[in-house]
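Shown next, in structure tokens, is the structure this report addresses.
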Amino acid sequence: MSEHSANPSTATAATGRSRAVKAVIPAAGLATRFLPATKAVPKELLPVVDRPVLQYIVEEATQAGIGDVLLITGRGKTSMVDHFDRRPDLEARLEAKGDAERLAAVRGPSELAEIYSCRQPEQLGLGHAVGYAESHVGDRPFAVLLGDEFVKPSEPLLPAMLELQARTGGVVLAFFEVDPAETKRYGIASVEPAEAELTDIGEVVRVTGMVEKPKPEDAPSNLAVLGRYVLPGTIFDAIRRTKPGSGGEIQLTDAMELLRTEGTPVHAIVYRGTRYDTGMPLGYLQTVVQIAAERDDLGAEFRAWLTEFVNSDASGVTGT
């Protein structure tokens, strides 16, 4: 494994608060939307061209200076950990063939971060899953990255979230704008302007409440929750005090709302960059197409084929 460091900013030093250096990826779900593919293959390992979704997410964390990643896994999902392990037999074969490019690609995941795992025996909500990280994280702040979405590497989000949390010591979320008609699909926030001293970080707002999947006419805004959180260690006690909510599950949103009502500041960054959502088949396919079209080695030829396909009768087009 390579060494990583999260260089604390002067703002962190000035506040006396530590910056989060660990990340938690809840990935124990059954992914029923992708059955039967996910009967034996975790959704997080479905490929986006030639890298699994989970690798993009771990790379997002390491790009922000996080070198310690805990995977919350479930039954039948140990292959997620295997992906970040070494494969000496495969590496030796590639080395013998002189295939340096593929050798680097195979070794790359094992060099990203220190990967740990623990098992969530039952899937009882996101809050329940995050609670399993307490013994690993302790009372320090940490990031939570959901396992079915990631952002474009050239348009990072997490570094600003880590900086914001180090300054405020509270809960930090990320939002993206949705069409008002789509609010019923997301958690939607009510917000107010952030303190002036925080605006240098980015488009920061102070969160005054959250509503789960409101009807458009009831939505307090069109700002939806993106699957990135930076949380203080106090979240674990809040999770223990949170009763089952929506769907009979222990919701992370409810635990964060409990902290907010007790005085913990909750802020968010409104993200204007590119977000890839692989949580549903359509979003997964869109992600594959977008990233393939942007690849230096595939993009030109793929875009030419895609243009021909779209402009043709799909039933009459065959692959080469």
Side-chain angles (χ1 to χ4, degrees), residues 1 22-62 66-90 105-137 142-151 158 226-229 231 235-236 239 244 246-252 276-285 287-288 291:
M1 301 286 186
K22 296 184 179 183
V24 175
I25 302 178
L30 297 176
T32 54
R33 292 187 181 96
F34 286 86
L35 288 171
T38 49
K39 178 182 177 182
V41 178
K43 178 182 70 173
E44 295 79 9
L45 292 186
L46 294 179
V48 177
V49 187
D50 54 8
R51 275 188 287 171
V53 173
L54 184 59
Q55 184 173 331
Y56 283 93
I57 295 169
V58 172
E59 288 171 349
E60 183 181 335
T62 60
I66 290 176
D68 181 309
V69 177
L70 176 67
L71 304 178
I72 309 295
T73 69
R75 189 173 294 105
K77 306 190 82 169
T78 56
S79 56
M80 291 191 299
V81 180
D82 293 339
H83 178 72
F84 296 95
D85 200 355
R86 294 289 298 270
R87 273 290 303 272
D89 56 333
L90 181 56
V106 168
R107 285 179 174 168
S110 67
E111 297 171 344
L112 285 172
E114 298 293 336
I115 304 293
Y116 302 90
S117 68
C118 70
R119 178 168 293 190
Q120 182 188 15
E122 296 180 89
Q123 287 70 64
L124 300 177
L126 180 57
H128 182 257
V130 171
Y132 275 86
E134 183 172 14
S135 61
H136 185 80
V137 170
F142 64 102
V144 174
L145 294 80
L146 298 193
D148 54 12
E149 58 185 299
F150 57 96
V151 303
L158 198 53
L226 193 153
R228 296 294 178 268
Y229 313 80
L231 304 171
I235 191 68
F236 296 116
I239 289 171
S246 177
E249 298 180 334
I250 299 173
Q251 300 294 344
L252 183 61
Y276 302 106
D277 183 356
T278 63
M280 299 182 69
L282 178 59
Y284 170 74
L285 292 173
T287 298
V288 172
I291 290 180

Could you pull out all residues at least two apart from L285 that satisfy side chain to side chain contact (heavy atoms under 4.5 Å, CB included)?
none
All side-chain hydrogen bond (donor to acceptor under 3.5 Å, both in side chains) counterparts of D85, not counting sequence neighbours
none
Can you give each donor-acceptor pair under 3.5 Å made by side-chain atoms of residues 26-37, sequence neighbours left out, with the distance rounded to 0.1 Å?
none

Could you list the residues that satisfy side chain to side chain contact (heavy atoms under 4.5 Å, CB included) with D277, not counting sequence neighbours?
R275
Which heavy-atom pair separates A40 from P42 by the least distance, and what is that distance?
O-CD, 3.9 Å
Taken to the nearest 0.5 Å, the spacing of F236 CZ from S135 OG works out to 8.5 Å
Can you check whether E44's main-chain N or O pairs, donor with acceptor, with K77's side chain at less than 3.5 Å?
no
Any residue meeting side-chain hydrogen bond (donor to acceptor under 3.5 Å, both in side chains) with Q123, in chain and number order, not counting sequence neighbours:
none
From the options L70, L54, I72, select the one residue that forms a side chain to side chain contact (heavy atoms under 4.5 Å, CB included) with I25.
L54
Residues G147 and V53: closest non-hydrogen pair is O-CG1, 3.7 Å
With the side chain counted from C-beta on, respond yes when M80 and I115 share a heavy-atom pair under 4.5 Å apart, and no when they do not.
no
Closest non-hydrogen atom pair between V24 and A133, with its separation:
CG2-CB, 3.6 Å
Where do A23 and A61 come nearest, in terms of heavy atoms and distance?
CB-CB, 4.4 Å
Got a donor-acceptor contact below 3.5 angstrom from the T62 side chain to the G67 backbone?
no
Using a 4.5 Å cut-off on heavy atoms from C-beta on, say whether the side chain of C118 contacts that of H136.
no
Are more than 12 heavy atoms, taken from residues, nucleotides or ligands other than R107, located less than 6.0 Å from that residue's CZ atom?
yes
Taking only residues two or more places apart in sequence or in another chain, which ones pass salt bridge (Lys or Arg N to Asp or Glu O under 4.0 Å) with R51?
E59
Nearest heavy-atom contact between Y229 and L126 is OH-CD2, 4.0 Å
Run E249 and H128 through side-chain hydrogen bond (donor to acceptor under 3.5 Å, both in side chains) and show every step you take.
CA-CA 8 Å; E249 298 180 334; H128 182 257; over 6 Å; no
Whether Y276 side chain and V288 backbone form a donor-acceptor pair below 3.5 Å
no
Reported CG-to-CD1 distance for the pair L158 and I66, which is rounded to 0.5 angstrom
5.0 Å
Check: R119 side chain, T78 main-chain N or O, donor-acceptor pair, under 3.5 Å
no
Parallel, tilted or perpendicular: which one describes the rings of Y56 and F150, with boundaries at 30° and 60°?
parallel
Between D148 and K43, which heavy-atom pair has the shortest distance, and what is it?
OD2-NZ, 3.5 Å
Do the side chains of F142 and D68 get nearer than 4.5 Å, heavy atoms only?
no
Rounded at 0.5 Å granularity, tell me how far CG in L252 sits from CG in L146.
8.5 Å
